[in-house]
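For clarity, every value in this text was computed on a predicted model and none was experimentally measured. By convention in this document, chain letters (A, B, ...) are assigned in the order of the sequence lines, proteins followed by strands, and residues within each chain are numbered from 1.
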Protein chains: 2
Amino acid sequence: MPQAQAVQQGRARDSRKAILDAAERAFADFGFGGASIRAIARDADVNQAMVHYYYQNKDQLFSAVVERRAGDINERRDLALDALFDNAVPALEDLVEALLRPTIELGHDVERGGDAYARLIVYFNNSADERSQRVAEENYDPIARRSIDALMRVLPGLGRAEAVRGYLFAISVALSVMAKTGRAARLSDGLCDDSNTEETVATVVAFACAGIRALADGRFENRQD
Amino acid sequence: MPQAQAVQQGRARDSRKAILDAAERAFADFGFGGASIRAIARDADVNQAMVHYYYQNKDQLFSAVVERRAGDINERRDLALDALFDNAVPALEDLVEALLRPTIELGHDVERGGDAYARLIVYFNNSADERSQRVAEENYDPIARRSIDALMRVLPGLGRAEAVRGYLFAISVALSVMAKTGRAARLSDGLCDDSNTEETVATVVAFACAGIRALADGRFENRQD
DNA sequence: TTATTAATTAAACGTTTGATTAAAATTCGG
DNA sequence: CCGAATTTTAATCAAACGTTTAATTAATAA
């Protein structure tokens, strides 16, 4: 049986982390079904049985990959929200930036492998299968609900349905620049470049805030006409 | 050898279509790697060798699934663009609606299986692997370029980079409501409902247009500050 | 040192995968 | 009704899959 993470000693840590890193890349590149444990073990330079030794099966390995990163992002988002609402009600721009920046910054952190995880978020965020929805619900629904409430406080004209829509739209826009499909560069003949973090944040925040304000102005849900 | 589609007779047509329908569902639900030809054949109620008989291999089957639908959507988008620019330069709202409506409507057409294809678009549109990028480039890049040009004509303040960004953001927002992940319903406690086509179109168009206008106002790319 | 535990290994398990084959059934023009 | 072309079938292939096992090595505690 593998020891709890805190008690682990010697070589153990390296293998455990190497497996998680390799799995992150594999799931991001090929999806759950397309990623193979054999290839993951090979990429991590580890015996194939070690994957099951530490993570039991493919499903739990997938969950472990998501949980490691989600903790980071949620913590940073929570702190940002606390700070924002400490004194008064912030501007919409500041709120939306606080929501999106942690994810965008992680996605740009190639050295830490954040780009692979960014593609993985895009994957399970847009997948309807049970496993994807489970990790989304467990790891991102709590902060999503808090963010939606925050949106409604900042924009009193925003109903709950519009706030949910606005939040999901904003996230979807942010994720679209992180999928690293190369399509933006292709369609713009190289004019678009996602590598500049600050420029990306500014662009996405501007787009999302304008969109959310539009949802607040017009009322699109539950119309009685 | 399978006959060309036009000359086909008898049950052939049925098998061919049944395979394509089943493959569409499988790829949408499980991704390329997670979908199995055996399960597709079983779902289509067809011998497993028939899949290779008509589509040679898994890759070409995947391409065939996309090509069938992309033709429809592109044709409708092209016609809409022709009509819009026939007399004068249209309003941004009309242009964006013309771009997004065909896809959204297809995604709501459950009887024709459009919901499965909608999820499939989301899949390969957000995937960075070679196969996904190939089908995106072959089937959707031409209309994307035409749409981007149209955006720049409607909004003269929009640079090429911003137009590409705006187009991709708008598409991404539209696709996010089509992934049918059930997340919107979950986060809104049932308040959000994607089944109303007109309401969905109106909401997405309003969000996207406001966002695109924001990109035109502020200049976010190639700043020299 | 010895006993215990954790980490790692190579090998194999049964199953499923994408793909191929050759024969059988069906369809259809002449 | 015949013969050729097309469609369908069952059987099979090697390869890859996720997972398990038993044995071995390395580290820790008594």
Are B:Y123 and B:F27 close enough that their ring centres sit under 6.0 Å apart? no
Give me, pair by pair, the N or O atoms of the protein and of nucleotides 23-25 of chain C that are less than 3.5 Å apart, along with how far apart they are.
none

Does B:K180 use its side chain to pair, donor to acceptor, with the backbone of B:D194 at less than 3.5 Å? no
Which nucleotides of nucleotides 14-21 of chain D have their base under 4.0 Å from a protein heavy atom (B), which only their sugar-phosphate (S), and which neither (-), written as one string 5' to 3'? ---BBBBB
I would like to know whether A:T181 and A:R186 meet side chain to side chain donor-acceptor pair (under 3.5 Å); could you show each step before the answer? CA-CA 9 Å; A:T181 62; A:R186 204 169 62 228; over 6 Å; no
Please report the distance, rounded to the nearest Å, between CG in A:D14 and C1' in C:dT8. 14 Å
Rounded to the nearest 0.5 Å, what separation is found between the CE atom of A:M178 and the CG atom of A:L106? 6.5 Å
Between B:S132 (side chain) and B:A128 (backbone), is there a donor-acceptor pair under 3.5 Å? no
Using a cut-off of strictly less than 4.0 Å, decide whether B:S15 has a side-chain nitrogen or oxygen near OP1 or OP2 of D:dT8. yes
With respect to B:Y140, which candidate in B:N125, B:I171, B:N74 satisfies the side-chain contact (heavy atoms from CB on, under 4.5 Å) definition? B:N74
Heavy-atom pair of closest approach, residues B:Y167 and B:S147: CE1-CB, 3.5 Å
When you check the gap from the basic side-chain N to the acidic O, do A:R101 and A:E198 get nearer than 4.0 Å? yes
Would you say the side-chain atoms of B:Q48 pair up with the backbone N or O of B:R42, donor to acceptor, closer than 3.5 Å? no
Nearest whole angstrom, please: distance from the C1' of C:dT8 to the CZ of A:R16. 15 Å
Say you draw a straight line from CG of B:L95 to SG of B:C209; how long is it, rounded to the nearest 0.5 Å? 8.0 Å
Looking at C:dA6, I'd like to know if its phosphate oxygens (OP1 or OP2) sit under 4.0 Å from a side-chain N or O belonging to A:Y54. no
Read 5' to 3' with Watson-Crick or G-U pairs under 3.5 Å, [ ] for crossing pairs and | for partners on another strand, DNA chain C gives |||||||||||||||||||||||.|||..|
Distance in Å, A:Y117 OH paired with A:L20 CG, rounded so as to fall on 0.5 Å steps: 11.0 Å
Once you round it to whole Å, what is the distance between C1' of D:dA23 and CG of A:N47? 13 Å
Atom-to-atom span, OH of B:Y53 to C1' of D:dT8 - whole angstrom: 9 Å
